[in-house]
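Not measured: the values here are computed from a predicted model. The chains referred to below are lettered A, B, ... by the order of the sequence lines, with proteins before strands, and numbering in each begins at 1.
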Amino acid sequence: MSAFQAPTGTRDVLAPESAGFEAVVARFARTVHLAGYGLVVSPMFEDAGVFRRGVGEDSEVVTKEMYVFEDKGGRTLALRPEGTASVVRAFVQHRPPVPWKAWYVTPAFRYERPQAGRYRQHHQLGVEVLGSADPDLDVEVVSLLADFYSSLGLERVELRVNSMGDAVCMPGYREALGAYLKAHEDELCDEHKATWAKNPLRVLDCKRPACVAVRAGAPKLSDALCGPCAEHFDRFLAGLDALGITWLRDNWLVRGLDYYTRTTFEFSSLALEAAQNGIGGGGRYDGLVELLGGPPTAGVGFGSGIERILLACEAEGLVDLGQSRLDVFVVDVTGGEVARDLTHELRSTGISADRAFDGRSLRSQLKQADRSGARVACIVGPEELAANVVTVRWLRRDSGGSRDAIGAPEGDAGAASAGNDGGTAGVSREQERVGRDALAATLGGWLR
RNA sequence: GUGGCCGUAGCUCAGUUGGUUAGAGCGCCAGGUUGUGGCCCUGGAGGUCGGGGGUUCAAGUCCCCUCGGUCACCCCA
């Protein structure tokens, strides 16, 4: 065991596993670019007040899980526990023209006991749209997330939706719920017996049987919505229907962050255990900009956890998320100069290339070439050097069943497949010499 | 914050009722093949048995503490 390890609840993601991260982020970027969103990069720490106010003073995330520290200047800062509050802070500070459509990828930090699908540093990607209360934007945001998931190949995903009302109808509901809870105080779980009054809504998403039982008879948000909120919600649902997005109404969907108004939604993966099946969620937060010192400005957005997305992909059997393959591995047993120059040249023409170092033996270099996953080896020995040519050797000809299927082109020039025999599954023995000067162009054609 | 299980090589793990210089497979390096990878063979490197303390003639093995991992509750992504 090494002297230092990644801190509790954090981990290192190395290649090839990290290819999943890369692919997810790339896919997300493409999805949101298609809808006109621009990347926002903001600090990973903020004045702790941004999150205290933004996420909610008595939310679980702020009270128990936030990394708060004092810097050398005596400022009280906090590591970002989620994405929205700091994006909204940036909006308030810079006041870009509205509607402002932003997307982000960021680590998020929460001090909790790690377990499957839960880390002290995890990664979220998301969007925020500020400056419009149009319910069609709620639809857009949900559809972006739905499209993103399906573009990854996820199928067993469930969308639940609810409306939290607004400043007009929420206080009344809160009061009604409070009165109901007061009458059933003794029946609540131990934690909420003591804390229900502070934020009655928290009781709604408590999973303990006691609270779940009490909740069954509680007043429903859907019955309490004021006219405009009900209208907004109807338009939202109609939009989802129009786009063919299936949803489930969940009256008890309240979400853990305090800033939500009107639309809330959550995606969960049916392929995952309930403990970590939440893969993304969000909603509208029309009061948040004001809370952080800006003018009254509507907002809507979502966050989705990359680790959870990858877990869901794995659970649905989706491997090969963007496994990239090296095109060429240069084997040079004449001292390395050719390898040095050739890899540089190939790369400059868009062909990915790697090589061996340290003057290893031919056998050893070919072994590395094999391991690298490269499609061809370019071999340079004394003969090639003298004749100014390169031996191009095809390294793999994978056929059915193997996880490499993704990169194996059918019927490339110079690579007619050799007969399979048990030990050396579908391996081609073909190689040929190509003039050094024409190499990049020739390979470019072959590898296409 | 609470609880269960687990810490022996880079990885997956053996290690008999405590008993000599702690093993295997895979991986890695080199050679067999002085110009050809995967299969095979040979050899090699790599471990203060998570850390500290204790019991004992003797601890990887037993006891205590601690750190770490993992899973669950809670909460969330």
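Here the options are A:T263, A:D138, A:T264, the test is side-chain hydrogen bond (donor to acceptor under 3.5 Å, both in side chains), and the partner is A:R284; only A:D138 passes.
Separation of the P atoms belonging to B:C49 and B:G23 is 14 Å when rounded to the nearest angstrom. Rounded to a whole angstrom, the distance from the P atom of B:G31 to that of B:G68 is 44 Å. Comparing the C1' positions of B:U61 and B:G7 gives a spacing of 14 Å, expressed to the nearest Å. Comparing the C1' positions of B:G4 and B:G51 gives a spacing of 23 Å, expressed to the nearest Å. Comparing the same atom, C1', in B:U34 and in B:A30 gives a spacing of 15 Å after rounding to whole Å. For the P atom pair drawn from B:C67 and B:C11, the interatomic distance equals 23 Å after rounding to whole Å. Rounded to the nearest Å, the gap between the C1' atom of B:A24 and that of B:A9 is 11 Å. Rounded to whole Å, the C1' atom of B:C57 lies 23 Å from the corresponding atom of B:C64.
Taking a cutoff of 4.0 Å between a charged side-chain nitrogen and a carboxylate oxygen, A:E17 and A:R11 qualify as a salt bridge. The existence of a salt bridge linking A:K193 and A:D186 is excluded, since no basic side-chain nitrogen approaches an acidic carboxylate oxygen closer than 4.0 Å.
In this structure, A:E187 has no side chain to side chain donor-acceptor pair (under 3.5 Å) partners at least two apart in sequence or on a different chain. Partners of A:R363 by side chain to side chain donor-acceptor pair (under 3.5 Å), not counting sequence neighbours: none found. Checked against side chain to side chain donor-acceptor pair (under 3.5 Å), A:Q121 has the following partners two or more places apart in sequence or in another chain: A:H123. The salt bridge (Lys or Arg N to Asp or Glu O under 4.0 Å) search around A:D327 returns none, not counting sequence neighbours. In this view, A:D370 and A:R396 satisfy the side chain to side chain donor-acceptor pair (under 3.5 Å) rule, not counting sequence neighbours.
Legend: salt bridge (charged side-chain N to carboxylate O under 4.0 Å, His left out) pairs involving residues 36-55 of chain A, not counting sequence neighbours, sorted by first then second residue: A:E46-A:R89. Within the structure, salt bridge (charged side-chain N to carboxylate O under 4.0 Å, His left out) contacts touching residues 151-162 of chain A (residues at least two apart or in different chains) are A:E158-A:R160, A:R160-A:D250, A:R160-A:E266. Applying the ring pair (Phe, Tyr, Trp, His ring centres under 6.0 Å) definition to pairs two or more places apart or across chains, those involving residues 180-207 of chain A are A:Y180-A:H184.
When rounded to the nearest whole Å, the span between OH of A:Y149 and P of B:A77 equals 10 Å. The CZ-C1' distance, from A:R363 to B:G31, rounds to 7 Å in whole Å. Counting to the nearest Å, the C1' atom of B:A77 and the CG atom of A:L145 are 12 Å from each other. Atom pair A:N277:CG and B:A77:C1' shows a separation of 11 Å (rounding to whole Å applied). Between A:M66 atom CE and B:C75 atom C1' there is a gap of 15 Å when expressed in whole angstrom units. Rounded to whole Å, the distance from CG on A:D332 to C1' on B:G35 is 13 Å. Separating the OH atom of A:Y111 from the P atom of B:U2 is a distance of 10 Å, rounded to the nearest angstrom. With rounding to whole Å, A:Q5 atom CD is found 11 Å from B:G51 atom C1'.
Across all strands shown, A:T391 has heavy atoms under 4.0 Å from base atoms, whether or not it also approaches the sugar-phosphate. Among the heavy atoms of the strands, none lies under 4.0 Å from A:R80. A:Q365 comes within 4.0 angstrom of nothing in the nucleic acid, heavy atoms only. Across all strands shown, A:E82 has no heavy atoms under 4.0 Å from either base or sugar-phosphate atoms. A:I279 comes within contact range of the sugar-phosphate backbone alone, with a heavy-atom separation under 4.0 Å but no base atom that close.
Side-chain nitrogen and oxygen atoms of A:S304 include none within less than 4.0 Å of the OP1 or OP2 phosphate oxygen of B:A77. The side chain of A:S361 places no N or O atom within less than 4.0 Å of a non-bridging phosphate oxygen (OP1 or OP2) of B:A30.
A:E70 and A:T76 form no side-chain donor-acceptor contact under 3.5 Å, judged by distance and modelled atom types alone.
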Dot-bracket for RNA chain B, 5' to 3', Watson-Crick and G-U pairs with both distances under 3.5 Å, [ ] for crossing pairs, | for partner on another strand, reads (((((((..((((.....[...)))).(((((.......))))).....(((((..]....))))))))))))....
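Between the side chain of A:Q431 and the base of B:U36, at least one donor-acceptor pair of N or O atoms lies under 3.5 Å. Contact of A:R393 with B:U36 (side chain to base): a donor-acceptor pair of N or O atoms is detected under 3.5 Å.
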Listing time: all N or O pairs from protein to nucleotides 25-28 of chain B that are below 3.5 Å?
| residue | atom | partner | partner atom | Å |
| --- | --- | --- | --- | --- |
| B:C28 | OP1 | A:R371 | NE | 3.4 |
| B:C28 | OP1 | A:R371 | NH1 | 2.7 |

With the criterion being N/O to N/O and under 3.5 Å, what pairs connect the protein with nucleotides 70-74 of chain B, and how long is each?
| residue | atom | partner | partner atom | Å |
| --- | --- | --- | --- | --- |
| B:C71 | OP2 | A:A116 | N | 3.1 |
| B:A72 | OP2 | A:Q115 | NE2 | 3.4 |
| B:A72 | OP2 | A:A116 | N | 3.4 |
| B:C73 | N4 | A:R118 | NH2 | 3.4 |
| B:C74 | N3 | A:R118 | NH1 | 2.9 |
| B:C74 | N4 | A:Q115 | OE1 | 3.1 |
| B:C74 | N4 | A:R118 | NH1 | 2.4 |

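Contact check for A:L201 versus A:R174: side-chain heavy atoms found under the 4.5 Å cut-off.
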Tabulate below the donor-acceptor pairs under 3.5 Å that side-chain atoms of residues 23-32 of chain A make, not counting sequence neighbours, or state none.
| residue | atom | partner | partner atom | Å |
| --- | --- | --- | --- | --- |
| A:R27 | NH1 | A:S151 | O | 2.5 |
| A:T31 | OG1 | A:R27 | O | 2.8 |

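Take the nearest nucleotide of RNA chain B for A:G281 and for A:A6: the residue whose nucleotide is more 5' is A:A6.
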